[in-house]
Protein chains: 2
Amino acid sequence: MNSKNKSASGKYGNLQTLLQGAGLRPTKQRLALAGLLFDGCDKHVTAEQVHASLTRMKAKVSLATVYNSLNHFRGAGLLRQVVVDGGQAFFDTNIGSHHHVFDEDTGLLTDIPAASIRVSHLPKLPQGKKLARVDIVLRVQSNA
Amino acid sequence: MNSKNKSASGKYGNLQTLLQGAGLRPTKQRLALAGLLFDGCDKHVTAEQVHASLTRMKAKVSLATVYNSLNHFRGAGLLRQVVVDGGQAFFDTNIGSHHHVFDEDTGLLTDIPAASIRVSHLPKLPQGKKLARVDIVLRVQSNA
DNA sequence: GTGTTTGCAAAGTGTTTGCAATTTA
DNA sequence: TAAATTGCAAACACTTTGCAAACAC
């Protein structure tokens, strides 16, 4: 049943579980969004990109809802936000420990495993502060 | 002469030289801005902050000019832009090799010398790309 | 004088918010 | 039915831009 949704059967159930497990009501819009994002491949998306994709695949979700949902997903720990330059924010479906390569020519963002970079000699932090995260961005550009 | 400008004599001359050396015309506004920024101490400022400072010290420089000038300074290599989260852009007067600590509670940005962090095992980059920069941000928060 | 820079206000971009209608549990 | 979510449009924060007047060389 429910043959119109491409992420039917198992997939659908998993997404529903995923959202519920995160304390989010599995609405049509969120399921569509989750179906797009959590397909097993790591992704870096912007709100506009996701909105465009949803629109292209005939899932009517307003841009505001895309923003709200992405933020909810982030709050629930399903996504991570990455900022590489002013402009737009990226949402990263890879929530494990890792870093990024930002291509300044194309604006594309790529993951690199945390293990690829070894950081040593972290400085001591101010009193009463703890390290929340280490963000490393390798900025690359064409060497033409 | 020119006793009304607080960064008179030597300082003023240096700033003028600095700007000219960077290929920028030493206008009143740019000199005021440069006087604020290049006093020998490393700073992280936003356009709004600089504009507020200039206004407070009675140097009338429009916000648009602050933005334009900061961008010119950056283009000339006098400043570096740092992005830590969406909101506003920081301009860093420290253009040497270093990294940052971002306090998520206060929104304050601090420098740490590049030597404080040792990065090893950088992954290999895509064909035809070269490493432009490594940006490292230590995100800290209160451990209360 | 000629080309650059300024300042203002308007436009632009990316994101958030207020609120009525809808949907979920 | 009560609470959460949606969608729209308006509001928002930050930044850039168009253009006439002012300025630097």
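Just so we're on the same page: letters track the sequence lines, and every chain starts at 1.
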Asker: Of all the nucleotides listed (C:dC8, D:dT5, C:dG14), which has the minimum atom distance to the side chain of A:R30?
Answerer: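 Looking only at heavy atoms from C-beta outward on A:R30, the closest nucleotide is D:dT5.
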Asker: Starting from P on C:dT23, measure out to CG on A:L31 and report it in whole angstrom.
Answerer: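 Spelled out: CG on A:L31 to P on C:dT23 is 15 Å.
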Asker: Verify whether one side chain among B:H98 and B:D92 offers a donor that lies under 3.5 Å from an acceptor in the other.
Answerer: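 Short answer, yes.
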Asker: Tell whether A:R25 reaches the base of C:dT24 with its side chain through a donor-acceptor pair below 3.5 angstrom.
Answerer: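 When only heavy-atom distances are counted, A:R25 does reach the base of C:dT24 through a donor-acceptor pair under 3.5 Å.
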Asker: Please tell me which of the listed nucleotides, D:dT6, C:dT6, D:dA9, lies nearest to the side chain of B:S69?
Answerer: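 Between D:dT6, C:dT6, D:dA9, the one nearest the side chain of B:S69 would be C:dT6.
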Asker: Could you let me know what C:dT23 is paired to, Watson-Crick or G-U wobble, both distances under 3.5 Å, or none if it's on its own?
Answerer: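 Pair assignment: C:dT23 / D:dA3.
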Asker: Could you check which nucleotide pairs with D:dC23 in any of the strands shown, counting Watson-Crick or G-U wobble with both distances under 3.5 Å?
Answerer: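 Across all strands, the one nucleotide that pairs with D:dC23 is C:dG3.
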Asker: For residues A:H99 and A:D135, is any side-chain donor paired with an opposing acceptor at under 3.5 Å?
Answerer: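 No, no side-chain donor-acceptor pair sits under 3.5 Å.
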Asker: If you check the A:P26 side chain, which of D:dT6, C:dA25, C:dT6 turns out closest?
Answerer: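 Given the options D:dT6, C:dA25, C:dT6, the side chain of A:P26 is closest to C:dA25.
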Asker: Check the distance between D:dC23's C1' and B:L24's CG and give it to me in whole angstrom.
Answerer: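 One finds 16 Å between C1' of D:dC23 and CG of B:L24, rounded.
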Asker: Is a donor on one side and an acceptor on the other found under 3.5 Å between the side chain of A:D105 and the backbone of A:S142?
Answerer: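 Yes; judged by distance alone, with no hydrogens or angles, the pair exists.
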Asker: Base, sugar-phosphate or nothing for A:G87? Non-hydrogen atoms, less than 4.0 Å.
Answerer: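 Sugar-phosphate contact only - A:G87 comes under 4.0 Å of backbone atoms but never of a base.
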Asker: Just to be sure I understand the rule, does A:N68 reach a base, reach only the sugar-phosphate, or reach nothing, if contact means heavy atoms closer than 4.0 Å?
Answerer: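 Base, at least one base atom sits under 4.0 Å.
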Asker: Whole angstrom is fine here: how far is it from CD in B:Q88 over to P in C:dT13?
Answerer: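 After rounding, the gap between these two atoms is 21 Å.
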Asker: For a side-chain contact (heavy atoms from CB on, under 4.5 Å) check, start with the C-alpha distance between A:Y67 and A:H51, then their side-chain angles and the critical distance, and finish with the verdict.
Answerer: CA-CA 9 Å; A:Y67 273 106; A:H51 184 241; over 6 Å; no
Asker: Quickly work out the B:Y67 OH to D:dT17 P distance and round it to whole Å.
Answerer: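 My rounded result for the distance is 13 Å.
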Asker: Take the protein atom CG of B:L63 and the nucleotide atom P of D:dA13, then report the distance between them rounded to whole Å.
Answerer: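 These atoms are roughly 14 Å apart.
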Asker: Find the distance B:L19:CG to C:dT5:C1' and express it as a whole number of Å.
Answerer: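 Interatomic distance, CG of B:L19 to C1' of C:dT5: 13 Å.
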Asker: Are B:L138 and B:I117 packed together at the side-chain level, in the sense that at least one heavy-atom pair is separated by less than 4.5 angstrom?
Answerer: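 Yes, at least one pair of side-chain atoms sits under 4.5 Å.
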Asker: Within the structure, does a side-chain N or O atom of B:Q20 lie under 4.0 Å from either OP1 or OP2 of D:dC25?
Answerer: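 For D:dC25, OP1 or OP2 has a side-chain N or O of B:Q20 closer than 4.0 Å.
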Asker: Between P on C:dT24 and CD on A:Q29, what's the gap in Å once rounded to a whole number?
Answerer: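 Distance, rounded to whole Å: 8 Å.
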Asker: Between atom CG in B:L70 and atom P in D:dC14, what is the gap in whole Å?
Answerer: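 It is 15 Å, rounded to the nearest whole Å.
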Asker: Does the side chain of A:T27 get closer than 4.0 angstrom to OP1 or OP2 of C:dT23 through an N or O atom?
Answerer: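 For A:T27, the contact criterion (side-chain N or O under 4.0 Å from OP1 or OP2 of C:dT23) is not met.
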